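Structure first, then comments.
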Number of protein chains: 2
Amino acid sequence: MIVLYVGFMNNIVSSFPSPAMGRPRAFDMETVIARTVPVFREYGYAGASIDRLKTATGLTAGSLYKAFTDKRGVFEAAFTHYVKQRRQDLAARLLKASTGRERIAESLRFYLEAASGFEGRQGCLVLASLIEATTLDGALHERLSDTLATNRAALITMLREGLQDGSIRAELPIEASADLLLSLLQGFRAVGKLHDPGDHDALIGMSLKILD
Amino acid sequence: MIVLYVGFMNNIVSSFPSPAMGRPRAFDMETVIARTVPVFREYGYAGASIDRLKTATGLTAGSLYKAFTDKRGVFEAAFTHYVKQRRQDLAARLLKASTGRERIAESLRFYLEAASGFEGRQGCLVLASLIEATTLDGALHERLSDTLATNRAALITMLREGLQDGSIRAELPIEASADLLLSLLQGFRAVGKLHDPGDHDALIGMSLKILD
DNA sequence: TGACTTAGGAAATGATCGTTCTCTATGTTG
DNA sequence: CAACATAGAGAACGATCATTTCCTAAGTCA
């Protein structure tokens, strides 16, 4: 709301109502967003219909639109939630890794596990969005690009740590290694849509040879 | 049409009309199928609407359905065409490679090039189908699984050739190596939806360290 | 308490989805 | 030439799509 001229201060204040006004939500936003995530993971953006989102969340179309403006808004919230959650989980896993090489190994394991079983069949929301990248609008396209860039940056950080702690040889081209690992991780999730990856330890061991 | 009892031979023949009967098609099937491929590559199965397929092929909905029964039929033809074409192209490339290791290297290059530029942005039909795997019916799911299995088998063949010609060390676990390469190749296509891969030679060189 | 503001729920909206139908055109076969 | 069979074109079909609207419910605030 735009106020062109107001005589008294309280009129201006009242034109920006506090967020506590009106009937409060009967559901928890975080919970609802979490429930939309599997829908987008399984069906992608185009395939995730409002009807499916309704049944997944238990909300009516009206409430969904009041809370998220439109389908794009639901997707954006789901995407943010998914990426944040995964990063938290990975960060927790990385605590027990002491060297850069171990952190890379742990990241590989993290993705291999996500590519297995029910989780693997459900798929990766980032990968699913990647496939529909040309369909998404500019802002979402950039969000996706940023997400991938951040993942790449995280790999580069781990590689540099490896250089410092001596677990990775000094001559290794860092950027190219990160690119290769990034592709490999996404590839795990892609193949995991159909089949479980084989022996995780064996695959990790072989992957790490890239760093030799 | 099933004929239970027919007195004369020509009646049986006429009950199975020759394919030359009726008005002939005004378009070339192969050409039309080729034109549907980019639609599925860009939008996936769900996103490829009949309307988009109409404009891509220049056909009307009626002709499309007469030729392919339904949307699923169009997709199946496109998928078959795409896989066949890609395998032919790769096979031609592999002719100039003399050892197993060189054939692996050439395969990596083939995928890196496909992941670059316009081709990369258009995406891989196999990968796109992989993402929608849970949505596809049983038969298509199996076709997809077969395609991946055949690609894996091709990698195993190259690796075995490498064992024979001495370009790959004898102790290398073949199956696990093939799994890793398969994921890496799909990963190239995934990331290629957004960005061009970097220095191909560098990436190939690093990838081949998996085989050391 | 009464004015205000937002949420919930369900029906309604127009667009688009995949598919079918109808009619005409164009070939082959006897 | 007549009978037959399929193709082409486009309108029409019901289903589903994302979104909006309308009304009631449930809070806050003065």
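Note: hydrogens, waters and symmetry copies are ignored here, and every other heavy atom, side chains too, is used. Everything numeric in this text was worked out from a predicted model, so none of it was measured. Every chain is numbered from 1 and lettered A, B, ... according to where its sequence line falls, protein lines coming before strand lines.
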Could you check how far [atom1] of [X] sits from [atom2] of [N], rounded to whole Å?
| X | N | atom1 | atom2 | value |
| --- | --- | --- | --- | --- |
| Arg25(A) | dG9(C) | CZ | C1' | 16 Å |
| Lys54(B) | dA11(D) | NZ | P | 9 Å |
| Ile50(B) | dC17(C) | CD1 | P | 9 Å |
| Arg72(A) | dA18(D) | CZ | P | 15 Å |
| Lys71(A) | dC17(D) | NZ | P | 9 Å |
| Tyr65(A) | dG9(C) | OH | C1' | 16 Å |
| Phe68(B) | dA7(D) | CZ | P | 11 Å |
| Arg52(A) | dT16(D) | CZ | P | 11 Å |

(message) If you count every heavy atom of other residues, nucleotides or ligands that lies below 6.0 Å from Glu142(B) atom CD, does the total exceed 12?
(response)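 No, because the 6.0 Å sphere around CD of Glu142(B) holds 12 heavy atoms or fewer from other groups.
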
Distance check, rounded to the nearest 0.5 Å: [X] atom [atom1] versus [Y] atom [atom2]?
| X | Y | atom1 | atom2 | value |
| --- | --- | --- | --- | --- |
| Arg101(A) | Met158(A) | CZ | CE | 14.0 Å |
| Leu53(A) | Thr57(A) | CG | OG1 | 7.0 Å |
| Leu159(B) | Leu181(B) | CG | CG | 6.0 Å |

(message) Base of dA25(C), side chain of Arg23(B) - is there a donor-acceptor contact under 3.5 Å?
(response)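 Such a pair is found, so the answer is yes.
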
(request) Check each of Phe40(B), Phe68(B), Tyr82(B), Tyr43(B) against Phe75(B) using the ring-ring contact (aromatic ring centres under 6.0 Å, His included) test, and report the only one that passes. (result)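 Checked Phe40(B), Phe68(B), Tyr82(B), Tyr43(B) against Phe75(B); only one passes ring-ring contact (aromatic ring centres under 6.0 Å, His included): Phe40(B).
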
(request) With DNA chain D as reference, determine whether Lys66(A) or Asp51(A) sits nearer its 5' end, using the nearest nucleotide of each. (result)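 The residue mapped nearer the 5' terminus is Asp51(A).
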
(message) Need to verify one output field. Residue with the more 5' nearest nucleotide on DNA chain D, Pro24(B) or Asp70(A)?
(response)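 The residue closer to the strand's 5' end, by nearest nucleotide, is Pro24(B).
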
With a 4.0 Å cut-off on heavy atoms, is [X] in touch with a base, just the backbone sugar-phosphate, or nothing at all?
| X | value |
| --- | --- |
| Phe27(B) | sugar-phosphate |
| Ala26(A) | sugar-phosphate |
| Ala48(A) | sugar-phosphate |

(message) Any carboxylate oxygen within less than 4.0 angstrom of a Lys/Arg side-chain nitrogen, looking at Asp51(A) and Lys54(A)?
(response)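 Answer for the salt bridge query: yes.
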
(message) If we count only N and O atoms by modelled type, under 3.5 Å, do the side chains of Arg143(B) and Thr80(B) hold a donor and an acceptor together?
(response)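 The answer is yes; a qualifying pair exists.
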
(message) Just to be sure I understand the geometry, which residues of residues 56-64 of chain A put a non-hydrogen atom under 4.0 Å away from DNA chain C?
(response)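 Output list: Thr60(A), Gly62(A), Ser63(A).
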
